[in-house]
Novice: 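Attaching a single structure in structure tokens format; questions to follow.
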Amino acid sequence: MSPRLKNGEPVKPSFHPQLVNDPFGDPALYVEFLFQKRAILFDLGDISALSPRKLLRLSHVFVSHAHMDHFYGFDYLLRVALGRARTIHLYGPEGFIDRVEHRLGGYTWNLVENYTEELVFVVHEWHGGEQMVQARFRCARQFAREPLPPVPVREGVLLQEPGIQVKAAVLDHKIPCLAFALEETAHVNVWKNRLDALGLPTGPWLQELKQAILRGEEDDFPIVVRWRDQAGENLRHFRLGDIKQQIVRIVPGLKIGYVVDARYCEENLYRLQKLLCGVDWLYIEAGFLQEAAEDAALKYHLTAWQAGDIARRVGAMKVVPFHFSARYQHQPQRLLKEVEESFGKSLTPKEAVFG
Ligand SMILES: [Zn+2]
């Protein structure tokens, strides 16, 4: 079945998210962009199942926090990317640049200066405020830390590109832990039959039209269509508001959420509701049964019931629970059932296991 948005509309997202491991594996969510040889990753847990080809597509990696089960995959990524001309952007919470520096400092780098292909890590650290601290680690400099000027952050948006954005929130896991939302900008679809009916050609002007709509231009913004055919040169002028109404349909983009390792408390719930408003698919840790809620709280983790409850509160269309505690290795169904109970909807077997 093709994915659908909350309003039931089928969607052709520009990216495809997939958990790297089964729900007991150490967390990593690989998001591949269609029609681009490019991917992003949430968390660097066990990434050994990702082929070097897939790892070398990574441009941005978002790490929730540096507990070992979310970060030890960094070494594998480093091994695969070493000697390649790649710049990989890493994002993490307070203290993250130090963590990366220490990992890189664990190896001897006396022979890498003259590699012709240079691997570079640009590491961004966000504390929840209006700027991100940055540092760079270059192979040519034996991965010594080079401070970069801080960059401004508006409303938790860590990455903004044409077509997508990644937003974060700081959660309480006894240490700061980042939750993330990856969101597409709206799709502007053109009705080809209506275009034909108006006698208008396809061409670069449609791209300009789409961009004007996404920029939020006023209705009287001028749209000029120029083309040449057998009859010669053609020129038509439109008001954006008119042409938009006649040939365009706007479909909201897909939004996915990634939440791991957080305490179930008012402050975290408030921050998650703000971050995940309008989320379509939610990947969320569901490590413990509710009967072990006290234990989960002591470890600053969510139970399965709490995960489903968060998914319901934020109005997620689909929930993919993962990061299960090994103690339930032989009874994952009990965790899934609790998520379903509080979420109020059944999970399909595929969603429940691999997303
Ligand atoms: Zn943790």
Side-chain angles (χ1 to χ4, degrees), residues 19-30 40-48 61-77 90-103 123-128 156 158 166 168-182 256-272 275-276 282-290 292-311 319-329 332 335 338-339 355:
L19 287 173
V20 175
N21 305 302
D22 72 38
F24 291 97
D26 288 332
L29 176 68
Y30 186 83
I40 65 176
L41 187 70
F42 293 99
D43 268 347
L44 277 167
D46 182 0
I47 55 167
S48 56
V61 179
F62 298 85
V63 177
S64 60
H65 62 306
H67 279 159
M68 192 178 181
D69 50 338
H70 298 259
F71 191 44
Y72 71 98
F74 175 75
D75 282 30
Y76 184 55
L77 174 62
L90 301 170
Y91 297 77
E94 199 174 331
F96 186 59
I97 295 176
D98 285 345
R99 301 280 88 75
V100 174
E101 184 178 20
H102 291 318
R103 297 228 53 77
V123 188
H124 312 255
E125 179 178 309
W126 187 56
H127 302 191
L158 304 189
V166 177
V170 180
L171 302 181
D172 178 13
H173 175 47
K174 205 168 183 180
I175 51 164
C177 174
L178 300 183
F180 302 103
L182 164 64
I256 65 167
Y258 180 88
V259 179
V260 288
D261 295 28
R263 198 157 69 103
Y264 188 75
C265 63
E266 284 304 320
E267 186 58 29
N268 281 347
L269 288 175
Y270 171 75
R271 292 180 181 202
L272 285 172
L275 175 73
L276 300 173
L282 178 59
Y283 293 81
I284 186 164
E285 73 150 346
F288 298 85
L289 285 173
Q290 193 63 13
E294 246 174 67
D295 196 14
L298 276 174
K299 294 179 164 131
Y300 286 68
H301 276 286
L302 297 172
T303 66
W305 187 92
Q306 291 160 351
D309 178 59
I310 290 169
V319 58
V320 184
F322 72 114
H323 204 12
F324 294 175
S325 164
R327 70 171 78 166
Y328 305 108
Q329 192 77 49
L335 292 164
E338 277 198 358
V339 174

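In this text, all values refer to a predicted model and were calculated from it rather than measured experimentally. Nothing fancy with the numbering, it's 1 onward along the sequence. Counting starts at 1 for both ligands and their atoms, in listed order.
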Novice: Can you tell me if an N/O/S atom from H301 lies under 2.8 Å from the Zn ion (ligand 1)?
Specialist: no

Novice: If you compare all heavy atoms of D26 against all heavy atoms of D69, which two are closest, and at what distance to 0.1 Å?
Specialist: CB-O, 3.3 Å

Novice: Indicate if the distance from the Zn ion (ligand 1) to the nearest N, O or S atom of H65 falls below 2.8 Å.
Specialist: yes

Novice: Output the atom name for the N/O/S atom of D261 with the smallest distance to the Zn ion (ligand 1).
Specialist: OD2

Novice: Rounded to the nearest 10°, what angle sits at the Zn ion (ligand 1) between ND1 of H67 and NE2 of H173?
Specialist: 90°

Novice: In sequence, state the C-alpha distance, the side-chain angles, and the governing distance for Y258 and Y283, and then conclude on ring pair (Phe, Tyr, Trp, His ring centres under 6.0 Å).
Specialist: CA-CA 5 Å; Y258 180 88; Y283 293 81; 7.4 Å; no

Novice: Considering residues, nucleotides and ligands other than Q329, do more than 12 of their heavy atoms fall under 6.0 Å from its CD?
Specialist: yes

Novice: Return the orientation label for the H65 and H173 ring planes: parallel under 30°, perpendicular over 60°, tilted otherwise.
Specialist: perpendicular

